[in-house]
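This one's a predicted model, so the numbers in the text were calculated from it and none came from an experiment. Computed over heavy atoms, backbone and side chain alike; hydrogens, waters and symmetry mates excluded.
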Amino acid sequence: MQVLGIDVGGSGIKGALVDSETGELTSERIRLKTPPGFEIDKVTNTIKRLIGRFDFDGPVGVGFPAAVAQGIVLTAPTAHHVPGWLGQAVDQRFSEAAGRDVKVLNDADAAGLAEVRFGAGKAIDGVVITVTLGTGVGAGLFMDGKLVPNLEVGKLYLAGHKNVVEQYMAGRIKKEQGLKWKEYAERMKEFCLHVEHIFSPSLIIIGGGVSKKHKKFLPDGKLKRTRVVPASMQNEAGIVGAALWAVG
């Protein structure tokens, strides 16, 4: 089945048609610039325009940088603390704007869905946690392949630290603090051990732009009990996962 998946990012809103049975993109990926102020009306209009660029009238899924439950925004969008989003019924708002059914989920959950269905977490039983390292630290929690939405591991505190995880080892933190790969690897292992202790997952999958250099910072092999592996879907994960959400 062909579905339109959209990934809302800080600088760009990207979309493509996806074969929901294979996870492959079936169209060119189109990108529009994210409105600088991330105002709700402007973002809604940009999503409407992006949908209109495709010769397609079927279901649409949108990965969005906030916690979303039953189509309602629960937290301020990551890196865009602008008023107007909290409590918004974005499923309804985007559907009315586009004139078709649109379903919205957290962007890290979308990337995780793609990894668990088609990528590094495929056919893995038990608890799997996907982590997206970028401006913040996003995550997806899965039990036997089924999503438990809105896992905010970026808001966890590690023992002995004043700041939350996303202020300690998000992808942008390495650059901002000028961390060497060895230093970043130590932080990553500390984080993964904490996640292992709390959730006892079978597998931790690390994604986000920085994961392209995973050999420089991911823990080798296992932690105490848990395997840690790089994501395999890369830039297509958010689009593919959003499309999967649209069709259940």
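- Around atom CZ of Arg227, no more than 12 heavy atoms belonging to other residues, nucleotides or ligands sit under 6.0 Å away.
- A heavy-atom distance below 4.5 Å is not found between the side chains of Asp41 and Val43.
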Would you check, one step at a time, whether the test side chain to side chain contact (heavy atoms under 4.5 Å, CB included) holds for Leu156 with Ile198?
CA-CA 11 Å; Leu156 291 175; Ile198 294 174; 4.2 Å; yes
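- At a threshold of 4.5 Å between non-hydrogen side-chain atoms, the residues Tyr168 and Asn163 do not count as touching.
- Nearest heavy-atom pair, Ala242 versus Ala110, reported as atom, atom and distance to 0.1 Å: N-CB, 3.8 Å.
- Rounding to the nearest 0.5 Å places CG of Leu244 at 11.0 Å from CG of Leu147.
- One N or O on the side chain of Glu183 and one on the backbone of Lys180 form a donor-acceptor pair closer than 3.5 Å.
- Side-chain atoms of Thr226 do not come within 3.5 Å of backbone N or O of Leu223 as any donor-acceptor pair.
- With hydrogens and angles disregarded, a donor-acceptor distance shorter than 3.5 Å links the side chain of Asp91 to the backbone of Val104.
- Remark: the backbone N or O of Ala66 is paired with a side-chain donor or acceptor of Asn106 at under 3.5 angstrom.
- The local environment of CG in Asp57 is sparse, with at most 12 non-hydrogen atoms from other residues, nucleotides or ligands closer than 6.0 Å.
- The closest side-chain heavy-atom distance from Val128 to Ile205 is below 4.5 Å.
- Between atom CZ of residue Phe191 and atom CD of residue Glu166 there is a gap of 10.5 Å, rounded to the nearest 0.5 Å.
- Side-chain contact between Lys103 and Val60 is absent, with no heavy-atom pair separated by less than 4.5 Å.
- Judged by distance alone, the side chain of Thr75 and the main-chain N or O of Ala67 form a donor-acceptor pair under 3.5 Å.
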Determine, stepwise, if the pair Thr34 / Lys14 fulfils side chain to side chain contact (heavy atoms under 4.5 Å, CB included).
CA-CA 9 Å; Thr34 301; Lys14 306 174 289 291; over 6 Å; no
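- Linking ILVMFWY side-chain heavy atoms closer than 4.5 Å, directly or via other members, places Val3 and Phe54 in two distinct hydrophobic clusters.
- Contact annotation: the side chain of Lys33 never approaches that of Ile13 to less than 4.5 Å [non-hydrogen atoms, C-beta and beyond].
- What you find for Ala120 and Ser232 is that their closest heavy atoms are N-OG, 3.2 Å.
- The heavy-atom pair separating Gly61 from Ala246 by the smallest distance is N-CB, 3.5 Å.
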Evaluate the side chain to side chain contact (heavy atoms under 4.5 Å, CB included) criterion for residues Ile51 and Ile6: first the C-alpha distance (whole Å), next the side-chain angles of each, then the deciding distance (0.1 Å), finally the verdict.
CA-CA 9 Å; Ile51 292 172; Ile6 294 176; 3.6 Å; yes
Working for side chain to side chain donor-acceptor pair (under 3.5 Å), residues Thr130 and Glu115
CA-CA 8 Å; Thr130 59; Glu115 284 295 336; over 6 Å; no
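- The backbone N or O of Phe38 lies less than 3.5 Å from a partner atom in the side chain of Trp85, making a donor-acceptor pair.
- Phe217 and Trp181 have parallel rings, their planes meeting at less than 30° on a 0 to 90° scale where 60° marks the start of perpendicular.
- More than 12 heavy atoms of other shown residues, nucleotides or ligands fall within 6.0 angstrom of atom CZ in Arg31.
- Both Val165 and Val228 sit in one connected hydrophobic cluster of ILVMFWY residues. Membership requires side-chain heavy atoms under 4.5 Å apart, directly or through other members.
- Within 6.0 Å of the CD atom in Gln70, the count of heavy atoms belonging to other residues, nucleotides or ligands does not exceed 12.
- You'll find the side chain of Arg117 stays beyond 4.5 Å of the side chain of Val240, heavy atoms only.
- In the hydrophobic cluster analysis, where Ile, Leu, Val, Met, Phe, Trp and Tyr join through side-chain heavy atoms closer than 4.5 angstrom, Val153 is grouped apart from Leu203.
- Two different hydrophobic clusters hold Phe64 and Val247 under the rule that ILVMFWY side chains link at heavy-atom gaps under 4.5 Å.
- A donor-acceptor pair under 3.5 Å links the side-chain atoms of Lys174 to the main chain of Leu179, judged by distance alone.
- Sparse packing is recorded around NE2 of His197, with 12 or fewer heavy atoms of other residues, nucleotides or ligands lying under 6.0 Å away.
- Atom CD of Glu236 is separated from atom CG of Asp7 by 11.5 Å, given to the nearest 0.5 angstrom.
- Taking NZ of Lys48 as the reference point, atom OG of Ser95 lies at 13.0 Å (rounded to 0.5 Å).
- By the 4.5 Å heavy-atom criterion applied to side chains, Arg49 and Leu32 are counted as neighbours.
- Side-chain contact between Leu218 and Ile206: present, with at least one pair of heavy atoms (C-beta onward) separated by less than 4.5 Å.
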Assess whether side chain to side chain contact (heavy atoms under 4.5 Å, CB included) is satisfied between Leu151 and Phe142, documenting all intermediate values.
CA-CA 10 Å; Leu151 176 67; Phe142 298 84; over 6 Å; no
Begin with the C-alpha distance, continue with both residues' side-chain angles, and end with the deciding distance and a verdict on side chain to side chain donor-acceptor pair (under 3.5 Å) for Gln167 and Arg172.
CA-CA 9 Å; Gln167 298 300 327; Arg172 67 178 169 82; 3.3 Å; yes
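- Across all their heavy atoms, Gly136 and Ala170 have their closest contact at O-CB, 3.6 Å.
- A donor-acceptor distance shorter than 3.5 angstrom exists from the side chain of Asp109 to the backbone of Asn150, with no hydrogens or angles considered.
- Counting heavy atoms of neighbouring residues, nucleotides and ligands inside a 6.0 Å radius, atom CD of Gln92 does not exceed 12 of them.
- Residues Met169 and Ile129 fall within the same hydrophobic cluster, defined by Ile, Leu, Val, Met, Phe, Trp and Tyr side chains chained together at heavy-atom separations under 4.5 Å.
- The CD1 atom of Ile72 sits 8.5 Å away from atom CD of Gln88, with the distance rounded to the nearest 0.5 Å.
- To the nearest 0.5 Å, the span separating CG on Leu113 from CH2 on Trp245 amounts to 7.0 Å.
- Side chain of Ser20 to backbone of Gln2: no donor-acceptor contact under 3.5 angstrom is found.
- Nearest heavy-atom pair across Gly208 and Ser211 is O-OG, 2.6 Å.
- Considering all non-hydrogen atoms of both residues, Met1 and Pro59 come closest at CE-CG, 3.8 Å.
- Distance alone, capped at 3.5 Å, is enough to place a donor-acceptor pair between the Glu196 side chain and the Lys224 backbone.
- Under a cut-off of 6.0 angstrom, the local environment of CG in Asp144 is crowded, with over 12 non-hydrogen atoms contributed by other residues, nucleotides or ligands.
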